[in-house]
Amino acid sequence: MSAHDNRLYLENLTVSFDGFKALNDLTLYVEPGELLCIIGPNGAGKTTMMDVITGKTRGGFGHRLFGSEVNLLQMSEAEIVASGIGRKFQKPTVFEQLTVFENLELALAGDRSFLKTLRARISTLQRQRIDEVLQIIGLAEAA
């Protein structure tokens, strides 16, 4: 299997912290559209693997590609996010003082620079997408 066949390609990934190998020769291929769940006991390297994929943890050895062209080793954490790799933590984060619709509006992808955010107005297409998500998650009535 080549990197061109995969959406995410990790090969021979090794990460050490003060001599302790948090990841030891990990190889993982994720195909387009594939959903994986990574499980294991505390200390198995799950968080380290995610930190390496997202650029939070640098260093180590091995190959890390996203798609056929994007070398994650050569990118900053912000560039990795911009390429389409995101992270979802176990505890959901919502702003309780905002409505469901406003929380979804904040979650929209887009330029988050200060001036863009200050002047932002929701487009018709964005409103339609939020309405679609509200229907999918069963919260249209609570918007």
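Given the structure is predicted, the values throughout are model-derived calculations rather than measurements.
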Taking atom CD1 of Ile39 as the centre, does the number of heavy atoms from other residues, nucleotides or ligands within less than 6.0 Å exceed 12?
->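 Count not over threshold, so no.
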Can you list the other members of the hydrophobic cluster that holds Leu98, where links are side-chain heavy atoms under 4.5 angstrom apart?
->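 Its cluster partners, ordered by chain and number, are Phe95, Leu106.
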Nearest heavy-atom neighbours spanning [X] and [Y]:
{"X": "Leu73", "Y": "Asn71", "answer": "N-OD1, 2.9 Å"}
{"X": "Glu34", "Y": "Leu36", "answer": "OE2-CD2, 3.5 Å"}
{"X": "Lys21", "Y": "Ser16", "answer": "CG-OG, 3.4 Å"}

With rounding to the nearest 0.5 Å, note down the distance linking [atom1] in [X] to [atom2] in [Y].
{"X": "Phe17", "Y": "Thr57", "atom1": "CZ", "atom2": "OG1", "result": "4.5 Å"}
{"X": "Arg121", "Y": "Arg127", "atom1": "CZ", "atom2": "CZ", "result": "12.5 Å"}
{"X": "Leu139", "Y": "Asn103", "atom1": "CG", "atom2": "CG", "result": "10.5 Å"}
{"X": "Met49", "Y": "Leu10", "atom1": "CE", "atom2": "CG", "result": "7.0 Å"}
{"X": "Leu104", "Y": "Glu132", "atom1": "CG", "atom2": "CD", "result": "11.5 Å"}
{"X": "Leu72", "Y": "Glu79", "atom1": "CG", "atom2": "CD", "result": "11.0 Å"}

Main-chain N/O of Gly40 paired to Lys46 side chain as donor or acceptor, under 3.5 Å | yes
Student check: side-chain heavy atoms of Arg129 and Gln126 closer than 4.5 Å | no
Less than 4.5 Å apart, any side-chain heavy atom of Asp131 and any of Phe101?
->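 Side chain of Asp131 against side chain of Phe101, heavy atoms only: contact under 4.5 Å found.
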Is it possible for you to say whether [X] and [Y] belong to one hydrophobic cluster, with membership spreading through side-chain heavy-atom contacts below 4.5 Å?
{"X": "Val81", "Y": "Val52", "value": "no"}
{"X": "Leu134", "Y": "Val94", "value": "no"}
{"X": "Leu125", "Y": "Ile136", "value": "no"}
{"X": "Ile85", "Y": "Leu108", "value": "no"}

side-chain contact (heavy atoms from CB on, under 4.5 Å) between Ile122 and Ile130, worked out | CA-CA 10 Å; Ile122 190 168; Ile130 291 173; 3.6 Å; yes
Could I get the full list of side chain to side chain donor-acceptor pair (under 3.5 Å) partners for Gln135, not counting sequence neighbours?
->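 Applying side chain to side chain donor-acceptor pair (under 3.5 Å) to Gln135 gives none.
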Residues Leu13, Asp25; criterion side-chain contact (heavy atoms from CB on, under 4.5 Å); working and verdict | CA-CA 5 Å; Leu13 190 58; Asp25 203 28; over 6 Å; no
With side-chain contact (heavy atoms from CB on, under 4.5 Å) as the test, would you mind laying out the steps for Thr14 and Asn24 before giving the verdict?
-> CA-CA 5 Å; Thr14 299; Asn24 188 13; 4.3 Å; yes
